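Single-structure report; data block below.
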Protein chains: 2
Amino acid sequence: MHADDAPQPPKRKRRPSKDAPSLSSDRIIAAALDLIDTQGVDNFSMRNLAKLLGVYPMAIYWYVPNRNALVARVTAHVLADLVPEDPSADWQDDLRTLLHRFRAIIRAHPNVAPLIGAQLVSNASVDLMMIEWVLQVLRRSGLNEADIPAAYTATIGAMTGFVTQEFAAVPQDDKTGWADEMKQIAQSADPEQFPLAAALMPKLLNRSFILRWDNGSAVPLDDGFDFFVESFIAGLARRAGH
Amino acid sequence: MHADDAPQPPKRKRRPSKDAPSLSSDRIIAAALDLIDTQGVDNFSMRNLAKLLGVYPMAIYWYVPNRNALVARVTAHVLADLVPEDPSADWQDDLRTLLHRFRAIIRAHPNVAPLIGAQLVSNASVDLMMIEWVLQVLRRSGLNEADIPAAYTATIGAMTGFVTQEFAAVPQDDKTGWADEMKQIAQSADPEQFPLAAALMPKLLNRSFILRWDNGSAVPLDDGFDFFVESFIAGLARRAGH
DNA sequence: ACCTGAACACCGTTCAAGT
DNA sequence: ACCTGAACACCGTTCAAGT
């Protein structure tokens, strides 16, 4: 949503018909998403993007002011279809749908997950649509009007927080070594000192936060996510007096 | 917690007394945290760290295998004091305390927030302590035993998710321009199309997710966080049959 | 308007060498 | 054991120039 200070292809009434430019904002964003999806955001560089587009690096800067702005546009593009249809009859169902849709989107583009925190800000009108949607749902919950702003922030935090953690890149320097070491720690967990951890380890190892070496792409935390969503919604309901 | 494959200062029975090394793991981690706190993680480089330590860049590599591993140790160090004293009588209070302690730590080192997702894994024994602590609290909640693993993942996700979003770096390329533009969008929010958003805008602008230009360091989302925590805990309680 | 091409000031890390 | 020093293969971005 942030206006760029760089020169922008202006409202282009009509292009001079011939010699259409080889680049466009859309092509750049699509290619950037492609690179991020396949290589990860760390290995995504303007120079690789230029190579993929068959163009010199600086050509991109005609359409995008800098790398950060490009990354912001990519996340905005990915989240474009987040907000569901018009609210249903059941506000709890609506919230559930929103949170699950968000997760489905990030699952399709997991490497975008680490960018969400800073960059959820996107196209202004789209954002207002989503914000209004959430506010409407929260009002229909019966919450105290005065609580709606805090409930809104809590809801967005719930929507983005769990999932960005779930799909956060796990350092892959030597994953097998890491996995082996974690397995060993798990095995040797002293049942005297850590009785519950030791007992539940088979259910937790590589299937829950902290004790995993794969991220959500390889091993989704479905049960944990469902439990989280249902707890949050149930808590909202209780606070709304249901 | 990941064992490094690089040469490590071995169990050092005793150093040769004189010519003590100028560097140490502790000094490096402390200096790295200092740099990250002041410059942000993006501007944190091995070369700057070396300069701060008065040493050539490669000297650091004697103690740390690579930049990623160093960053992991920094986050582990920051989170070392996370887990509270022994559980109290009230499991809901315990959970509340844990989530608030986590936030207090990140507040003291906000630039570490974006690193948590991938790097919560730290010193093995510390981690097992925290995991056991959470599992104990959850069992005392009266939840179905079969639900405890999912509840554990939900709890860690709740603990880390909101706060990492709250303190995520906001792009600061030209913050004033961004703020101005967002204010303008907020002002021009059509009350016909977005009635609630327009009405609540004064309460939301720069005080909630998506509609802010400062991050949690400058403008903490206290109300949203409290609402989030209380909702989650209330939902857990409901699911536990309270 | 749109893109090329060279150049600047950075990176992390490998590798060989010093003491 | 601990650190230096040079070198490699990268970065994002500025700036001037082409068409």
Side-chain angles (χ1 to χ4, degrees), chain A residues 4-28 31-32 35-36 39-74 115 171-174, chain B residues 4-28 31-32 35-36 39-74 115 171-174:
Chain A
D4 313 309
D5 308 356
Q8 276 305 102
K11 310 298 173 189
R12 69 171 78 152
K13 332 201 159 203
R14 195 158 307 163
R15 293 217 76 261
S17 68
K18 47 193 168 187
D19 73 353
S22 75
L23 247 41
S24 72
S25 246
D26 288 347
R27 269 198 73 208
I28 290 173
L35 268 183
I36 290 174
Q39 320 277 352
V41 73
D42 284 344
N43 301 324
F44 162 73
S45 74
M46 299 301 268
R47 292 172 116 112
N48 284 338
L49 177 59
K51 203 172 291 173
L52 179 64
L53 289 165
V55 97
Y56 279 63
M58 288 313 296
I60 297 167
Y61 285 77
W62 181 256
Y63 298 89
V64 168
N66 53 53
R67 198 192 115 116
N68 276 348
L70 173 52
V71 154
R73 291 186 192 187
V74 169
L115 308 170
Q172 48 191 195
D173 296 336
D174 70 320
Chain B
D4 313 309
D5 309 357
Q8 276 304 103
K11 310 297 174 192
R12 68 170 79 155
K13 331 200 158 205
R14 195 158 306 164
R15 292 217 77 262
S17 68
K18 46 192 170 188
D19 73 350
S22 76
L23 246 43
S24 72
S25 246
D26 288 347
R27 270 198 72 208
I28 290 173
L35 269 183
I36 291 175
Q39 319 279 351
V41 73
D42 284 343
N43 301 324
F44 163 72
S45 73
M46 299 300 269
R47 294 173 116 112
N48 284 338
L49 177 58
K51 203 173 291 173
L52 179 63
L53 288 165
V55 97
Y56 280 63
M58 289 313 296
I60 299 166
Y61 284 78
W62 181 256
Y63 298 88
V64 167
N66 54 54
R67 198 193 115 116
N68 276 348
L70 174 52
V71 154
R73 293 186 191 188
V74 169
L115 307 171
Q172 47 192 195
D173 296 336
D174 70 319

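Chain identifiers are assigned alphabetically (A, B, ...) following the order of the sequence lines, protein sequences preceding nucleic acid strands; residue numbering begins at 1 within each chain. What you see is a predicted model; the values in this text were computed from it and never measured.
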*Choose from C/dC3, D/dA7, C/dC15 the nucleotide whose nearest atom is closest to any side-chain atom of B/R47.*
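Ranking C/dC3, D/dA7, C/dC15 by closest atom to the B/R47 side chain puts D/dA7 first.
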To the nearest angstrom, how far is [X] atom [atom1] from [N] atom [atom2]?
| X | N | atom1 | atom2 | answer |
| --- | --- | --- | --- | --- |
| B/L49 | C/dC11 | CG | C1' | 14 Å |
| B/M58 | D/dA6 | CE | P | 14 Å |
| A/N43 | C/dC11 | CG | P | 19 Å |
| B/K51 | C/dC11 | NZ | P | 7 Å |
| A/R27 | C/dC2 | CZ | P | 14 Å |
| A/I60 | D/dT14 | CD1 | C1' | 16 Å |
| B/F44 | C/dG12 | CZ | C1' | 11 Å |
| A/M46 | D/dC10 | CE | C1' | 16 Å |

Within the pair [X] and [N], is there a side-chain N or O less than 4.0 Å away from OP1 or OP2?
| X | N | answer |
| --- | --- | --- |
| B/W62 | D/dC3 | no |
| B/Y61 | C/dG12 | no |
| A/S45 | D/dC10 | no |
| A/Y63 | C/dC3 | yes |
| A/S22 | C/dC3 | yes |
| B/N48 | C/dC10 | no |

*Can you tell me the pairing partner of C/dA7 across any strand shown, Watson-Crick or G-U wobble, with both distances under 3.5 angstrom?*
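D/dT13 - that is the nucleotide pairing with C/dA7, both distances being under 3.5 Å.
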*Searching all strands shown, indicate the nucleotide that pairs with D/dT19 (Watson-Crick or G-U wobble; both distances under 3.5 Å).*
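Pairing partner: C/dA1.
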*asked:* Ignoring hydrogens, what is the shortest heavy-atom contact between B/N48 and B/S45? Give both atom names and the distance.
replied: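 Here B/N48 and B/S45 meet closest at N-OG, 3.0 Å.
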*Would you mind telling me which residue lines up with the more 5' stretch of DNA chain D, A/P57 or B/A59, judged by nearest nucleotide?*
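That would be B/A59.
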_Could you tell me if the side chain of A/M46 sits less than 4.5 Å from the side chain of A/I60, heavy atoms only?_
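Yes, close enough: below the 4.5 Å cut-off.
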*State, yes or no, whether a side-chain contact exists between A/L49 and A/L70 at a heavy-atom distance under 4.5 Å.*
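They are in side-chain contact.
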*In sequence, state the C-alpha distance, the side-chain angles, and the governing distance for B/Y63 and B/L23, and then conclude on side-chain contact (heavy atoms from CB on, under 4.5 Å).*
CA-CA 8 Å; B/Y63 298 88; B/L23 246 43; 3.4 Å; yes
*Any chance you could measure B/I28, atom CD1, to B/L52, atom CG, to the nearest 0.5 Å?*
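Going from CD1 on B/I28 over to CG on B/L52, the span is 11.0 Å.
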